[in-house]
Amino acid sequence: MRVALFLTCVNDTLYPGTGRAVVRLLNRLGVDVDFPRQAEPLAHRFADVFADYDAIVTPSGSCGAMVRELYPRMGRRAEAEGRGSSLAEAIAKVVPVTYELTEFLVDILGVTDVGAYFPHKVTYHPTCHGLRSLGLGERPRQLLAAVKGLELMELPGAEECCGFGGTFAMKNADVSASMGRDKVAAAVSTGAAALRTADNSCLMHIGGIIRRQDEDIRPLHIAEILASTEDEPLT
């Protein structure tokens, strides 16, 4: 008998011993256990759903990096392992037109002043995926600099990671929390009313620490600031 193991991400990340035990147990009972690749069908579906659009825009640096960096690797691996070229061909159509929000605004629409209004002091954390994987560079800062009323405060140690990193935060919880506290302390030291990033995964991590420490600073995604106007201000 041949079965597929659906391990779930919680077991895979937090309790990997459970998965190993299941495989050992079933193998001992004469069952052939397979661990099917679940990411490849998702990549195929992504390509199918977004194939007919001129551009694909995401407000997440980490998800943008997944599409732009990891999907092509998956396609190459599928070919190398003899599973054909269909995945590589499908994602080749969508990868070049997938953009993080700020690079879409600056590079594709050619705008930095989007008519935003946010009369507050703001500090900016450049997320790791946006900084290192996507190379967003100065694009987010250019957009913030053009926001009417906004005063951009420099964040000490801005390029240091906040400590989230998906599974990193689970596997290295103490280190992750310590890095997050350092990031919050740096943000608070600027006197800013809001801490801005372009990735909600980082905001979730940083925001949780802000709430637990009861700090007087608000975590915000850049889209919320850029969408705020004098007629329809962010509340």
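Index from 1, following the sequence.
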(request) In sequence, state the C-alpha distance, the side-chain angles, and the governing distance for Leu234 and Arg218, and then conclude on side-chain contact (heavy atoms from CB on, under 4.5 Å). (result) CA-CA 12 Å; Leu234 177 69; Arg218 183 180 183 185; 4.2 Å; yes

(request) Show your working on side-chain contact (heavy atoms from CB on, under 4.5 Å) between Leu87 and His44 and close with a plain yes or no. (result) CA-CA 6 Å; Leu87 178 60; His44 267 295; 3.5 Å; yes

(request) Evaluate the side-chain contact (heavy atoms from CB on, under 4.5 Å) criterion for residues Val97 and Tyr53: first the C-alpha distance (whole Å), next the side-chain angles of each, then the deciding distance (0.1 Å), finally the verdict. (result) CA-CA 9 Å; Val97 294; Tyr53 293 90; over 6 Å; no

(message) Apply disulfide bond (SG atoms under 2.5 Å apart) to residues Cys128 and Cys162 and explain how you reach the verdict.
(response) CA-CA 8 Å; Cys128 292; Cys162 73; over 6 Å; no

(message) Using side-chain contact (heavy atoms from CB on, under 4.5 Å), reason through Arg77 and Glu40 one step at a time and then give a plain yes or no.
(response) CA-CA 10 Å; Arg77 184 181 64 189; Glu40 288 183 14; 3.6 Å; yes

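Side-chain N or O atoms of Arg139 include one that pairs as donor or acceptor with a backbone N or O of Leu136 at under 3.5 Å. At least one donor-acceptor pair under 3.5 Å links the side chain of Ser189 to the backbone N or O of Ala186. Ser228 places no side-chain N or O within donor-acceptor distance of the main-chain N or O of Ile225, the cut-off being under 3.5 Å. Side chain of Glu100 to main chain of Thr102: a donor-acceptor pair is present (N/O by atom type, distance under 3.5 Å, no hydrogens or angles).
Here the shortest heavy-atom pairing between Leu220 and Ala194 reads CD1-CB, 3.8 Å. Residue Tyr124 comes nearest to Ala158 through the heavy atom pair O-CB, 4.3 Å, listed as atom of the first residue, atom of the second, then distance. Contact between Arg132 and Glu159 at its shortest, heavy atoms only, is NH2-O, 2.9 Å. Of all the heavy atoms in Pro59 and Leu101, the pair that sits closest is CA-CB, 4.3 Å. Of all heavy-atom pairs spanning Ile91 and Pro96, the tightest one is O-CD, 4.4 Å. Shown here for Ile56 and Phe50, the closest heavy-atom pair between the two residues is CD1-CB, 3.5 Å.
Note: Leu195 CG to His221 NE2 = 12.0 Å, rounded to the nearest 0.5 Å. To the nearest 0.5 Å, atom CZ of residue Phe164 and atom CG of residue Leu203 are 11.0 Å apart. To the nearest 0.5 Å, atom OG1 of residue Thr112 and atom CG of residue Leu144 are 11.0 Å apart. Taken to the nearest 0.5 Å, the SG atom of Cys202 stands 8.0 Å off from the NE2 atom of His205. The distance from the OG1 atom of Thr123 to the NZ atom of Lys183 is 8.5 Å, given to the nearest 0.5 Å. Here Ile209 contributes atom CD1 and Arg181 contributes atom CZ; the two are 6.5 Å apart, rounded to the nearest 0.5 Å.
Hydrophobic clustering (side-chain heavy atoms under 4.5 Å, transitive across Ile, Leu, Val, Met, Phe, Trp, Tyr) groups Val114 together with Val122. Criterion: ILVMFWY side-chain heavy atoms under 4.5 Å apart, direct or through other members. Under it, Met170 and Phe168 are not part of a common hydrophobic cluster. In this structure, Ile206 is not a member of the same hydrophobic cluster as Met204, with clusters built from ILVMFWY side-chain heavy atoms closer than 4.5 Å. The hydrophobic clustering, which links ILVMFWY residues whose side-chain heavy atoms are closer than 4.5 Å, places Leu105 and Val57 together. Two different hydrophobic clusters hold Val175 and Val184 under the rule that ILVMFWY side chains link at heavy-atom gaps under 4.5 Å.
In this structure Ser60 satisfies the side chain to side chain contact (heavy atoms under 4.5 Å, CB included) test together with Thr58, Ser62, Cys63, Asp199, sequence neighbours excluded.
Counting heavy atoms from C-beta on, the side chains of Cys161 and Met179 come closer than 4.5 Å. Between Pro219 and Thr197, the closest side-chain pair of non-hydrogen atoms is not below 4.5 Å.
Aromatic ring orientation, Phe104 versus Tyr99: tilted (interplanar angle from 30° to 60°).
At most 12 heavy atoms of other shown residues, nucleotides or ligands fall within 6.0 angstrom of atom CZ in Arg45. Residue Glu81 places its CD atom among more than 12 non-hydrogen atoms of other residues, nucleotides or ligands, all under 6.0 Å distant.
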